[in-house]
2 protein chains.
Amino acid sequence: MNIILFKKSAYINKSEIIIKDKKKYKHIIKVLKANIGDSIKIGLINDLLGIGIIKNIDKTEKTITLKVELNKKAPKKLNTTLILAMVRPKSLKKALHVAISMGIKEIIIIKTWKVDKSYWSSPLLLEESLNEISIEALEQAKDTIMPKIIIKKLFKPFIEDELSPLMNLKRGVIAHPIAQNSFFDINNNAEPFNIDYLAIGPEGGFIDYEINKFKNIGFEVFKLNERILRVEYAIPVILSRLI
Amino acid sequence: MNIILFKKSAYINKSEIIIKDKKKYKHIIKVLKANIGDSIKIGLINDLLGIGIIKNIDKTEKTITLKVELNKKAPKKLNTTLILAMVRPKSLKKALHVAISMGIKEIIIIKTWKVDKSYWSSPLLLEESLNEISIEALEQAKDTIMPKIIIKKLFKPFIEDELSPLMNLKRGVIAHPIAQNSFFDINNNAEPFNIDYLAIGPEGGFIDYEINKFKNIGFEVFKLNERILRVEYAIPVILSRLI
């Protein structure tokens with residue numbers, strides 16, 4: 001937690017908020033070792049960043065009252081929508097974390113052929129869990145703006161009916177281990193490389209049918225290099241090229 | 001596991017090996033769903049990559065006999081030594097994984113001021129655990145060459161007596177959140193950016209004393225951008241610039 005995020009509902013008057021979340025309380029007291037009078041970095045969700053001065057610590061109720069001053073814009077987001085194949089929930093959690101903390105503003109989780117059906121019943125996909133993952137990533141990256149996370153369980157209709165009409169003048173790329181061109185080659189010609197849609201496959205990769213569906217609506221296919229990375233590390237490697 | 005690594009001791013004759021490791025057995029049978037006659041991707045540790053054809057599966061002993069043919073060199077390593085501050089063991093494990101799977105050939109784990117002393121008693125630092133992490137990362141990245149992992153528990157003597165004499169004509173950089181220059185700016189001038197030594201601090205960052213010790217022996221200081229990333233994601237973001 002490099003900042004403490006709070007919701008509008010935390011306000012108790014015009015300039016003061018109360019933190020009731022146990023995890024944040026513990027972080028402020030145990031990790032930051034903050035005391036009354038100290039100031040900590042805070043942010044209002046979907047709004048500005050700023051400073052909170054500790055006015056009161058209620059050790060019984062485990063709440064902290066802060067006088068807040070918000071004055072700084074959240075860092076810029078990346079202009080890329082991440083299309084992420086559903087992967088094993090543990091990996092998905094990490095992939096979402098890194099994508100959000102690097103500034104991805106929209107993530108679409110899609111169903112692909114090589115997905116264990118049981119993954120879809122993971123509690124991780126509940127709105128509450130996705131919100132929690134998002135807030136944790138924003139608190140890591142000192143960002144306040146919540147990403148949009150969308151789940152699409154029908155591959156073909158998503159590509160053909162929803163994504164296709166959006167592709168006009170947009171650049172879409174797929175990361176695929178057996179592509180001919182590499183992301184690392186692109187970088188060498190020093191042109192800024194904008195990606196509107198970045199699609200990343202499941203652990204076993206997209207199947208040819210899926211690759212072709214993406215290609216049909218204008219996606220280009222790139223690999224990293226010979227080395228295959230876990231999805232949560234492939235994401236920062238590729239996004240690093242867009243910053 | 002994108003390849004199965006084995007040691008020389010696995011050979012039962014000139015061209016056949018036996019896999020006794022339970023995790024690898026399970027991977028071959030359950031994930032790859034391989035059967036007698038199928039070929040799987042393999043590699044001899046610190047040697048070549050190749051193919052193994054399944055000759056026998058012993059379901060009682062859970063062993064697999066493979067006829068092996070090794071014919072391909074492991075992918076190139078990066079020419080960077082990673083100097084990594086000891087971090088919480090869970091993060092260290094991830095940081096090592098991504099560094100090794102991206103091709104780092106030498107990692108030096110150092111003691112810094114902002115390190116919880118209890119971390120040093122983690123079993124993760126035992127040679128056996130470090131070997132296991134290394135092999136797992138190599139199997140992910142289809143590499144065979146084991147990295148060197150060194151632990152240095154005395155900061156000042158390491159910097160001044162060991163690292164300093166190696167710095168002649170070498171480039172060392174520190175990733176530090178409050179640096180003036182950013183890794184992302186370097187990239188814009190399209191020059192190849194070689195780093196011989198990359199130092200990454202603990203979660204709270206290096207302290208000024210440590211930064212100055214590095215600077216005294218010629219290290220340059222760079223930040224990422226406003227966003228602060230977990231160490232395991234900062235590593236691929238930076239390494240991505242070196243490939």
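Here is how names work: the chains are called A, B, and so on, in the same order as the sequence lines, proteins then strands, and each is numbered from 1.
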Does atom NZ (B:Lys22) have a neighbourhood of more than 12 heavy atoms from anything else shown, all under 6.0 Å?
yes
Roughly how far, to the nearest 0.5 Å, is CD of A:Glu226 from CG of B:Asn2?
12.5 Å
Which region of B:Leu49, side chain (C-beta onward) or backbone (N, CA, C, O), has a non-hydrogen atom less than 4.5 Å from a non-hydrogen atom of chain A, or is it both or neither?
neither
Between the CZ atom in B:Arg227 and the CD1 atom in A:Ile100, the distance rounded to the nearest 0.5 Å is 10.5 Å
State whether the number of non-hydrogen atoms from other residues, nucleotides or ligands found under 6.0 Å of B:Lys114 atom NZ is greater than 12.
yes
Under the side chain to side chain contact (heavy atoms under 4.5 Å, CB included) test against A:Pro236, which residue among B:Ile238, B:Val237, B:Leu229 passes?
B:Val237
Has A:Glu220 got more than 12 heavy atoms of other residues, nucleotides or ligands less than 6.0 Å from its CD?
yes
Heavy-atom pairs under 4.5 Å with chain B, option from A:Met102, A:Lys142, A:Lys76, A:His97 with the top count:
A:His97
At what distance, to the nearest 0.5 angstrom, does CD1 of A:Ile228 lie from CG of B:Asp143?
12.0 Å
Check ion pair B:Glu136-A:Arg230 (N to O, under 4.0 angstrom)
yes
Would the number of heavy atoms belonging to other residues, nucleotides or ligands and lying under 6.0 Å from NZ of B:Lys223 be above 12?
yes
So B:Val98 and A:Glu232, do their side chains get closer than 4.5 Å, heavy atoms only?
no
May I ask you to check whether over 12 heavy atoms, not counting those of B:Lys105, lie within 6.0 Å of atom NZ?
yes
Pick one of side chain, backbone, both or neither for B:Lys94, based on which atoms fall under 4.5 Å of a heavy atom in chain A.
both
In terms of heavy-atom contacts, does NZ of A:Lys77 have more than 12 from other residues, nucleotides or ligands at under 6.0 Å?
yes
Is it the case that over 12 heavy atoms from other parts of the model lie below 6.0 angstrom from the CG atom of B:Leu126?
yes
